[in-house]
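The block underneath contains the structure these notes are about, expressed in structure tokens.
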Number of protein chains: 2
Amino acid sequence: MNPLSTTPDAGRETPRVLIRGTGLLGASIGIGLRADGHEVQLSDPSGTAEAIARDIGAGSIREVGDPDPEIVVIAAPPEVVAEEVADALVEFPQAVVLDVASVKAEILRALRELADGRADEVTPVDLTRYVGTHPMAGREQSGPVAARGELFTSMPWVITPAQDPATGEQVPTQAAVAWAEEVARRCGATVHYMDPQEHDDSVALISHLPQIAASLVASRLQDAPTSALALAGNGLRDVTRIAASDPNLWVQILSSNAAPVVEILHGLRDDVARLIRTLEDPRAPGSQADIAQLISEGNSGRARVPGKHGAPPQSFARLIVIVDDRPGQIAAVLNDVAKVGVNVEDMRMDHSAGHQVGMVELSVLPGRRDELAEALTDFGWKVVQS
Amino acid sequence: MNPLSTTPDAGRETPRVLIRGTGLLGASIGIGLRADGHEVQLSDPSGTAEAIARDIGAGSIREVGDPDPEIVVIAAPPEVVAEEVADALVEFPQAVVLDVASVKAEILRALRELADGRADEVTPVDLTRYVGTHPMAGREQSGPVAARGELFTSMPWVITPAQDPATGEQVPTQAAVAWAEEVARRCGATVHYMDPQEHDDSVALISHLPQIAASLVASRLQDAPTSALALAGNGLRDVTRIAASDPNLWVQILSSNAAPVVEILHGLRDDVARLIRTLEDPRAPGSQADIAQLISEGNSGRARVPGKHGAPPQSFARLIVIVDDRPGQIAAVLNDVAKVGVNVEDMRMDHSAGHQVGMVELSVLPGRRDELAEALTDFGWKVVQS
């Protein structure tokens, strides 16, 4: 089949896919697409990464003489993506080529430069077959060992078709875009469309800024006294969780999206400087109002962060059940929850150093909370409304 | 009884307690101590807060003619704590007086000033009966409605006995300190001892800095396009969770601990400025190494944050179970976990916009993970090792 001449709706076609780059994302896509019936070929400059990806079921290693892929997914490190996309477009003149890098505008710019530079060659770099995409499903771990087919389940996958700067028309064919969307859907993701620069501005704010903030806070803990760290609570744990991310990957992401990130960091630096001035004389007129404003603005921003399932922020009601910290207790609670027929939308354990009692925080639809609290109390649980 | 002449070990004595300030902390302490058999008196300048605290079982409202308390807990806003402690020491000349404010050195300084100023009065402010403490169990919500007796369960409660600046000797009597510790223990907390300034330096780093970082990141989301927020993942959610905190409380906390916070913010501002310079020319020699170093330092700091139960960081192994998002599924998983006899140390739901499949991440002792994964697979669950 030629995916450029068909649409994903034409039956349940499963084009042959080549994945170049078998790290966390590439291997996870391979597992996901194979589960969906696709033949998946793998290649990676690292023989080890290739072999691990094959062994965990991401596909078979592409050999000389294998049939050409109909879809190529470039899952290489951001700094080599443009080159790899250009090569694949030339090598497989019938294939749709996607990339999955975390930044989009600079890759497109580099790719256009490459295409212009090779315009006089026999096989030009045909950008009508390229679709930029970004599955937003990173993890703190990396490499094919961390891969799993469910990595993308319910996660946003952004598709950023290029526009011709002169005419404003979409560069990739509609069939290529439709197949990019189909790959995302078959991996279980939720598709969003954006302009490449709009994507980069968005991730600078909602992904790159939090990463930088987490790393900056965590880096100050390096030399902290152990006695101070012993007081750490869920606040510190939550703020610093993503500080465990891979330095090499983030060098490439931040370098490739430097302009939007720098703009945000200017604002951050100004806010920090303002707060320093305020706290240098916290009893001066206006100081208290200044601090209150910072925290209030944080309240407003936080209230805009969507909850899980994309639910409106804070739309769930919470209640807390006290349990002994031994096998079966949490299951017993949830069993009783199930008897009442209430769905648990989110769940969190909350306990800290030294004790053997846990608190299970359950998030449920607000209309069901009181009923659930009452029923659990009747079942003998210690319930605290939150 | 006179708690100053007894020790907490002398039987199971339950001194009469007065709690001044019936917000979240005061009301929660009342509920905790009443459950432990103490007679608890309440007072608050707000009649409403007082009545709510009484109605939720935190104690009875103190009336004229009531017997004197033997322990007084000042749970007032930080800015009035010193005055309230001094008044209580004078009003109840036999009582041990504690406070539970989030900052300790400035309160002690203000209290010493008050004591010096009243040194010539008939009843001096007797600091040998005052013990500063800080239960580290705030929540995003505030007010007595949010109170619960289990608020302190397993949480750190720092006790900061003053030292005489001249002699270095402990100012409060050992009996007073022992009763402060006993109040913390009877509320279920884990006790830590620190010097007041050491406490303030510690919380500046592990509590006030994360709060500021979360608020600063969240405040930039105020004007973000909705399409950008739709891409928000767990990273952003975790980093900004505590940005929902109470502005009035944080004005007082940050104002009262300004010096250590400012010192840390200077470092933060320098780091942000350095990162801006680096990202203004990300391809310059040394730029890539600079960015990598920031993220690596974050890795090191993050690795020092203790896990829940005070366990060494990352000492649990994780595995992920895919479940349908309907009532009873999580219970069914945990039921099967219980059958295997493995204890769940931590648990997290992981799912996002649009889909109705959930991932339950279970943290267990590393030695039990493979066995559990195998058993759950046998039970028919879709298990992914993390």
Side-chain angles (χ1 to χ4, degrees), chain A residues 148 154-156 190 202 206 210 213 215 217-219 221-222 228 231-232 235-236 238-244 247 250-251 255 258 262 265 269 272 276 279 282 288 291-292 295-298 300-302 304-305 310 327-328 330-331 334-335 338 343 346-347 349 351-355 357 384, chain B residues 148 153-154 156 190 202 206 210 213 215 217-219 221-222 228 231-232 235-236 238-244 247 250-251 255 258 262 265 269 271-272 276 279 282 288 291-292 295-298 300-302 304-305 310 327-328 330-331 334-335 338 343 346-347 349 351-355 384:
Chain A
R148 48 194 174 87
S154 307
M155 295 295 172
T190 306
S202 299
I206 65 120
S215 294
V217 170
S219 71
L221 304 176
Q222 284 181 102
L231 304 184
L236 183 69
D238 285 354
V239 169
T240 59
R241 184 178 60 81
I242 54 175
W250 277 94
V251 166
S255 303
V262 163
L265 290 182
R269 186 184 53 183
V272 173
I276 288 174
L279 288 176
Q288 309 270 310
I291 304 172
I295 307 287
S296 297
E297 287 179 359
S300 310
R302 167 65 189 177
R304 298 193 64 210
V305 178
I330 305 166
L334 291 170
N335 247 333
N343 196 17
D346 197 6
M347 185 170 58
M349 296 273 295
H351 53 194
S352 180
H355 279 254
V357 170
V384 189
Chain B
R148 46 193 177 91
T153 303
S154 307
T190 306
S202 299
I206 64 119
S215 294
V217 170
S219 72
L221 305 176
Q222 284 181 100
L231 305 184
L236 182 70
D238 284 354
V239 169
T240 59
R241 185 178 57 82
I242 54 174
W250 277 94
V251 166
S255 303
V262 163
L265 290 182
R269 186 185 52 184
D271 283 352
V272 173
I276 288 174
L279 288 177
Q288 309 271 309
I291 303 172
I295 307 287
S296 297
E297 288 179 359
S300 310
R302 168 64 190 178
R304 298 193 65 209
V305 178
I330 306 165
L334 291 169
N335 246 335
N343 196 17
D346 198 6
M347 185 171 58
M349 297 275 294
H351 53 194
S352 181
H355 278 257
V384 189

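Chain A is the first sequence line, chain B the second, and so forth, proteins listed ahead of strands; every chain is numbered from 1. Just so it is clear, the values below take in all heavy atoms, side chains as well, and ignore hydrogens, waters and symmetry mates. Note that this is a predicted model, so its numbers are computed, not measured.
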(request) Applying side chain to side chain donor-acceptor pair (under 3.5 Å), name anything that partners B/Ser255, two or more places apart in sequence or on another chain. (result) A/Gln288
(message) Side chains of B/Glu297 and A/Gln222, heavy atoms from C-beta outward: is any pair under 4.5 Å?
(response) yes
(message) Within the 4.5 Å heavy-atom criterion, are A/Ile295 and B/Val251 side-chain neighbours or not?
(response) no
(request) Name the option with the most non-hydrogen atom pairs under 4.5 Å to chain A; the candidates are B/Val262, B/Asp271, B/Asn335, B/Ile276. (result) B/Ile276
(request) Check side chain to side chain contact (heavy atoms under 4.5 Å, CB included) between A/Ala218 and all other residues, then give those that pass, not counting sequence neighbours. (result) A/Thr240, A/Ala243, B/Arg302
(message) Quick check for you: among A/Val272, A/Ile206, A/Ile291, which has the greatest number of heavy-atom pairs under 4.5 Å with chain B?
(response) A/Ile206
(message) Shorter than 4.5 Å, heavy atoms on both sides: which option in A/Ser296, A/Ser202, A/Pro247, A/Pro282 has the most such pairs with chain B?
(response) A/Pro247
